[in-house]
Enquirer: 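Below is one structure. I have some questions about it.
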Protein chains: 2
Amino acid sequence: MNQPIHLKSAGLKSTLPRIRVLNLFESSDEHHLSAEDVYKKLLATGDDVGLATVYRVLIQFEQAGLLVRHNFAGDKSVFELNQGKHHDHIVCLQCHRVEEFYDATIESRQNKAAAERGFTVQDHSLNIYANCIKPKCPNKPR
Amino acid sequence: MNQPIHLKSAGLKSTLPRIRVLNLFESSDEHHLSAEDVYKKLLATGDDVGLATVYRVLIQFEQAGLLVRHNFAGDKSVFELNQGKHHDHIVCLQCHRVEEFYDATIESRQNKAAAERGFTVQDHSLNIYANCIKPKCPNKPR
DNA sequence: GAATGTGATGTTAATGATAATCATTCCTAT
DNA sequence: ATAGGAATGATTATCATTAACATCACATTC
């Protein structure tokens with residue numbers, strides 16, 4: 001009786017694959033995982049889940065508000081637990097490490113810019129691509 | 001003798017497909033075009049160019065600094081002429097219309113946020129996903 | 001201005017990420 | 001425990017993009 005609460009209250013039936021995926025996100029130190037990441041990590045721990053199911057569960061979790069999707073470099077999507085507080089991201093081009101930040105001024109000026117032009121903001125994404133300093137950066141494209 | 005100047009000075013051999021693609025970007029009212037968009041528009045005008053060539057030319061133009069690539073909704077990339085001045089984008093979720101904006105305060109606060117965390121900014125992208133007002137919005141996913 | 005070699009092109013096949021299909025299996029309410 | 005519908009997994013399909021490779025075009029030399 002770990003996360004079934006979440007699943008139930010999110011309107012999702014409590015199943016083994018869903019519990020496993022949710023557990024993974026809650027226990028992993030890397031908060032940003034792609035479908036492939038999830039699939040491989042579950043394989044590694046013996047908690048096998050089909051790849052198609054991983055994709056489906058991620059979509060369901062996203063729609064249920066449990067996960068948030070990000071499209072960084074363009075090709076593959078990554079997901080992170082939705083902790084309620086919106087934030088933007090800095091992605092290291094070398095090691096792919098992701099750091100989060102929040103700037104209230106940026107947020108408000110975004111909304112202002114959109115409103116001035118007659119747009120109703122639904123969502124927004126701000127990603128900074130950078131190189132992080134040596135000690136922290138293993139310089140390995142994971 | 002239209003754009004060959006650009007191509008030459010960009011270190012690119014002046015060829016028919018490249019001239020056609022460049023002309024398209026310079027004459028199109030829609031400034032943001034995907035590879036598929038370019039391919040179809042050239043087909044429509046009879047200026048046939050192979051799809052693979054379109055992809056190659058877009059990459060070359062991007063590397064040469066003639067075009068800038070954006071990854072909006074996640075799946076496909078769109079390109080626009082590089083006019084030198086960086087800007088962010090507001091994308092209408094309904095009609096896919098793209099509007100540009102620039103906010104110096106946002107820019108500086110981004111750099112500040114990255115610097116404070118020990119990152120050397122290489123690039124950044126800020127996209128606002130919104131719905132635009134009726135008169136402007138044909139509400140058609142083009 | 002024609003030959004020539006390198007680089008560009010187009011067709012087609014391959015790739016990688018993701019979505020759809022469908023038969024089988026698992027929840028949950030009865 | 002059982003029935004019924006939703007969830008799963010294996011496989012196949014799809015979509016955007018890239019790779020291969022034989023052919024062809026540009027720019028330069030003669």
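Residue numbering restarts at 1 for every chain, and letters A, B, ... go by the order of the sequence lines.
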Enquirer: On DNA chain D, nearest-nucleotide positions of Arg69(B) versus Thr15(B): which is more 5'?
Expert: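 Nearer the 5' end of the strand: Arg69(B).
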Enquirer: Rounded to whole angstrom units, what separation is found between the CG atom of Leu42(B) and the P atom of dT9(C)?
Expert: 12 Å
Enquirer: Assess the pair His32(B) and His96(B): is the distance between their ring centroids shorter than 6.0 Å?
Expert: no
Enquirer: Give the rounded distance in Å between these two atoms: CG of Leu12(B) and C1' of dA27(D).
Expert: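 So the two atoms are 15 Å apart, to the nearest Å.
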Enquirer: Leu51(B) has an atom CG; how far is it from atom P of dA13(C), in whole Å?
Expert: 15 Å
Enquirer: Side-chain heavy atoms nearer than 4.5 Å, only ILVMFWY residues, links allowed to pass through others: does that put Val49(B) and Leu33(B) together?
Expert: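 Per the 4.5 Å side-chain linkage, Val49(B) and Leu33(B) are co-clustered.
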Enquirer: Considering only dT9(C), dT17(D), dT8(D), which nucleotide approaches the side chain of Tyr55(B) most closely?
Expert: dT17(D)
Enquirer: Would you say the side-chain atoms of Ser34(A) and Asp37(A) include a donor-acceptor pair closer than 3.5 Å?
Expert: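 Indeed, the side chains of Ser34(A) and Asp37(A) share at least one donor-acceptor pair under 3.5 Å.
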Enquirer: Provide, to the nearest angstrom, the distance between the NZ atom belonging to Lys76(A) and the C1' atom belonging to dG16(C).
Expert: 9 Å
Enquirer: Tell me: CD of Gln60(B) to C1' of dC26(D), nearest whole Å?
Expert: 14 Å
Enquirer: If the cut-off is 4.0 Å, is Thr53(A) near the phosphate of dA7(D), judged by side-chain N/O to OP1 or OP2?
Expert: no
Enquirer: Would you mind reading off the distance between Leu33(A) atom CG and dT18(C) atom P, rounded to a whole angstrom?
Expert: 13 Å
Enquirer: Please state whether the base of dG10(C) and the side chain of Arg56(B) form at least one donor-acceptor pair under 3.5 Å?
Expert: yes
Enquirer: If you look at every strand shown and take non-hydrogen atoms under 4.0 Å, does Ile59(B) touch a base, only sugar-phosphate, or nothing?
Expert: sugar-phosphate
Enquirer: Starting from P on dT18(C), measure out to CD on Glu36(A) and report it in whole angstrom.
Expert: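 To the nearest whole Å, that distance equals 9 Å.
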Enquirer: Below the 4.0 Å mark, does dA7(D) have OP1 or OP2 next to a side-chain nitrogen or oxygen of Lys13(A)?
Expert: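 Indeed not, no polar side-chain atom of Lys13(A) lies that close.
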Enquirer: Grab the CD1-P distance between Ile19(A) and dC26(C) for me, whole Å please.
Expert: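 In whole Å, dC26(C) P lies 14 Å from Ile19(A) CD1.
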Enquirer: Cut-off 3.5 Å, side chains only: do Gln83(B) and His31(B) have a donor facing an acceptor?
Expert: no
Enquirer: Out of dA17(C), dT28(C), dG9(D), which nucleotide sits closest to the side chain of Ser14(A)?
Expert: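 From the listed options, dT28(C) comes nearest.
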Enquirer: Evaluate Phe101(A) against Glu116(B) for side chain to side chain contact (heavy atoms under 4.5 Å, CB included), listing each step before the verdict.
Expert: CA-CA 11 Å; Phe101(A) 75 99; Glu116(B) 281 173 351; over 6 Å; no
